[in-house]
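Working notes for the structure below.
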Amino acid sequence: MKITLNPDEKVVKIVKEGLKKTGGYCPCRRERTPDNICMCKEFKEQIADPDFEGFCHCMLYFKERNGD
Ligand code: SF4
């Protein structure tokens, strides 16, 4: 399992700027709850899910599944 940044630097820049503005809360969610502090609960659960491969909701991170 590997977590990498989106290879699209433009997306990374936009999401990181958003995170700076929110003070660490997910920029693509309205609720400022502890679950939405980056890395958010949803992405942590996706990381823990052996079947999940893909981007986090904001597309900042990509989770690569192990080849099996
Ligand atoms: S992991 Fe992705 S979706 Fe979750 S808070 Fe961070 S940028 Fe947003």
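Order of appearance sets the numbers: ligands from 1, and atoms from 1 within every ligand. Side chains are part of it too, since the values below use all heavy atoms of this structure and drop only hydrogens, waters and symmetry mates.
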*Considering only the protein, which heavy-atom contact is closest to atom 4 (Fe) of ligand 1, and what is its distance?*
Cys40 SG, 2.3 Å
*Among all protein heavy atoms, pick out the one at the shortest distance from atom 8 (Fe) of ligand 1; state its residue, atom name and that distance to 0.1 Å.*
Cys26 SG, 2.6 Å
_Salt-bridge contact Lys21-Glu17 (side-chain N to carboxylate O under 4.0 Å)_ = no
Out of all atoms in ligand 1, which are within 4.0 Å of some heavy atom of [X]? Include the element for each.
X	result
His57	3 (S)
Leu60	7 (S)
Cys56	1 (S), 2 (Fe), 3 (S), 7 (S)
Cys38	1 (S), 5 (S), 6 (Fe), 7 (S)

*Heavy-atom side-chain contact between Tyr61 and Ile3 under 4.5 Å*: yes
*Are the side chains of Tyr25 and Glu31 in touch, meaning some heavy atoms are under 4.5 Å apart?*
no
*Could you tell me whether Lys63 atom NZ has more than 12 heavy atoms of other residues or ligands within 6.0 Å of it?*
yes
*So, the side chain of Asn36 versus the backbone of Cys26: is there a donor-acceptor pair under 3.5 Å, distance only?*
no
